[in-house]
Amino acid sequence: MSLFLAKLSCKNDIDEVIKTVAEKVLVLRFGRDEDSVCLQLDEILSKTSHDLSNMASIYIVDVDSAPVYTRYFDISYIPSTVFFFNGQHMKVDYGSPDHTKFVGSFKTKQDFLDLIEVIYRGAMRGKMIVQSPIDPQNIPKYDLLYHGI
C-alpha cells in the first residue's frame with residue numbers, strides 16, 4: 001500500500017469521490033495491498049501524483065472492500081486502473097478488447113503521465129473514449145474471461 005495515496009474503503013466512499021471530483025481525471029487503482037504488481041503500480045502513481053495534481057486525483061481501492069465495483073468493472077486481474085472525468089467513466093482504446101480499464105502496471109512513469117494527459121485533454125473536449133498514447137509493447141497482454149456464459 002502506498003502511504004502517499006488516499007485509500008477508499010467502501011462503496012459509499014467510491015460513490016462520493018466519483019460524484020465530487022470535478023474538472024480532473026479520477027484514477028481508481030483496484031488491487032490488493034500485498035500484491036507485488038500493485039505495489040509497483042502504487043509507486044508509479046505516488047511518484048506522479050504531485051506532477052498531476054492539476055489534472056488528476058488518484059485513489060487506491062482494495063478489491064475485497066468494494067465487491068460491487070469489482071463485479072461492475074469485471075476486475076478479474078489486479079491491478080486494474082479505471083478512469084473517470086466529472087462523474088463519467090472514461091474509456092481508453094489500448095488496442096485490446098477491453099476499453100474500460102487498464103490491467104497491470106504501467107512500464108514507466110512517463111506512460112502514466114502521457115495517458116492522464118490524453119484522457120484529460122479528450123475529456124475537456126467532450127470525448128468519452130480516447131486513443132492510448134502508450135507504446136503497444138508497454139501494454140500488458142491478457143485474455144478476457146467471461147464468467148457464466
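Keep in mind that what you see is a predicted model, and the values were worked out from it rather than measured.
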Filter on salt bridge (charged side-chain N to carboxylate O under 4.0 Å, His left out), then keep only pairs touching residues 124-139, sequence neighbours left out; what's left?
none
Measuring from Asp111:CG to Ser132:OG, what's the distance to the nearest 0.5 Å?
8.0 Å
Verify the cluster assignment for Ile78 and Tyr72: are they in a single hydrophobic cluster under the rule of side-chain heavy atoms below 4.5 Å apart?
yes
Compare all side-chain heavy atoms of Cys38 with those of Asp33 and state whether any distance is below 4.5 angstrom.
no
All heavy atoms of Asp13 vs all of Ser9, minimum pair found to be OD2-OG, 3.3 Å
Evaluation steps, side-chain contact (heavy atoms from CB on, under 4.5 Å), between Phe73 and Leu28:
CA-CA 11 Å; Phe73 290 116; Leu28 299 178; 5.7 Å; no
According to salt bridge (charged side-chain N to carboxylate O under 4.0 Å, His left out), who are the partners of Lys47, at least two apart in sequence or on a separate chain?
Glu43
Taking side chain as C-beta onward, heavy atoms only, is Asp74 less than 4.5 Å from Lys101?
yes
How would you list, by chain and number, every residue that makes a side chain to side chain contact (heavy atoms under 4.5 Å, CB included) with Arg71, sequence neighbours excluded?
Pro67, Val68
Count I, L, V, M, F, W, Y as connected when their side-chain heavy atoms are under 4.5 Å apart, and connections chain through other members. Are Leu115 and Leu45 then in the same cluster?
yes
Just wondering, do Leu5 and Arg29 contact through their side chains at under 4.5 Å, heavy atoms?
no
Checking Glu16 now: which residues fulfil salt bridge (charged side-chain N to carboxylate O under 4.0 Å, His left out) with it, not counting sequence neighbours?
none
Quick one: side chains of residues 82-91, donor-acceptor pairs under 3.5 Å with protein atoms, not counting sequence neighbours, listed by atom name and distance.
{"unit_1": "Asn86", "atom_1": "OD1", "unit_2": "Glu23", "atom_2": "N", "d": "2.6"}
{"unit_1": "Asn86", "atom_1": "ND2", "unit_2": "Glu23", "atom_2": "OE2", "d": "3.1"}
{"unit_1": "His89", "atom_1": "NE2", "unit_2": "Thr100", "atom_2": "O", "d": "2.9"}

Nearest-0.5 Å distance, OH of residue Tyr69 to CD1 of residue Ile18:
4.0 Å
Transitively linked via ILVMFWY side-chain contacts under 4.5 Å: Tyr120 with Val92?
yes
Using every non-hydrogen atom in the two residues, find where Val63 and Thr70 come nearest and quote the distance to one decimal.
O-OG1, 3.0 Å
Separation between CD1 (Ile75) and OG1 (Thr81), nearest 0.5 Å, reads 9.0 Å
Which residues satisfy the side chain to side chain contact (heavy atoms under 4.5 Å, CB included) test with Ser105, sequence neighbours excluded?
Val37, Gln40, Leu41, Ile44
Quick note, side chain to side chain donor-acceptor pair (under 3.5 Å) partners involving residues 48-66, not counting sequence neighbours, are Arg32-Asp64
Does Leu113 share a hydrophobic cluster with Ile58, counting links as ILVMFWY side-chain heavy atoms below 4.5 Å and allowing steps through other members?
yes
Tell me every residue that passes side chain to side chain donor-acceptor pair (under 3.5 Å) with Gln110, counting only those two or more places apart in sequence or in another chain.
Asp114
Scan for ring pair (Phe, Tyr, Trp, His ring centres under 6.0 Å) pairs involving residues 8-47, sequence neighbours excluded, and state none if there are none.
none
Between Leu52 and Val61, is there shared hydrophobic-cluster membership here, with clusters defined by ILVMFWY side-chain heavy atoms closer than 4.5 Å?
no
Non-neighbouring partners of Asp15 that pass salt bridge (charged side-chain N to carboxylate O under 4.0 Å, His left out), sequence neighbours left out:
Lys11
Gap separating the CE atom of Met124 from the CE atom of Met55, nearest 0.5 angstrom:
11.0 Å
Identify, with sequence neighbours excluded, every residue that meets ring-ring contact (aromatic ring centres under 6.0 Å, His included) alongside Phe102.
Tyr94, Phe106
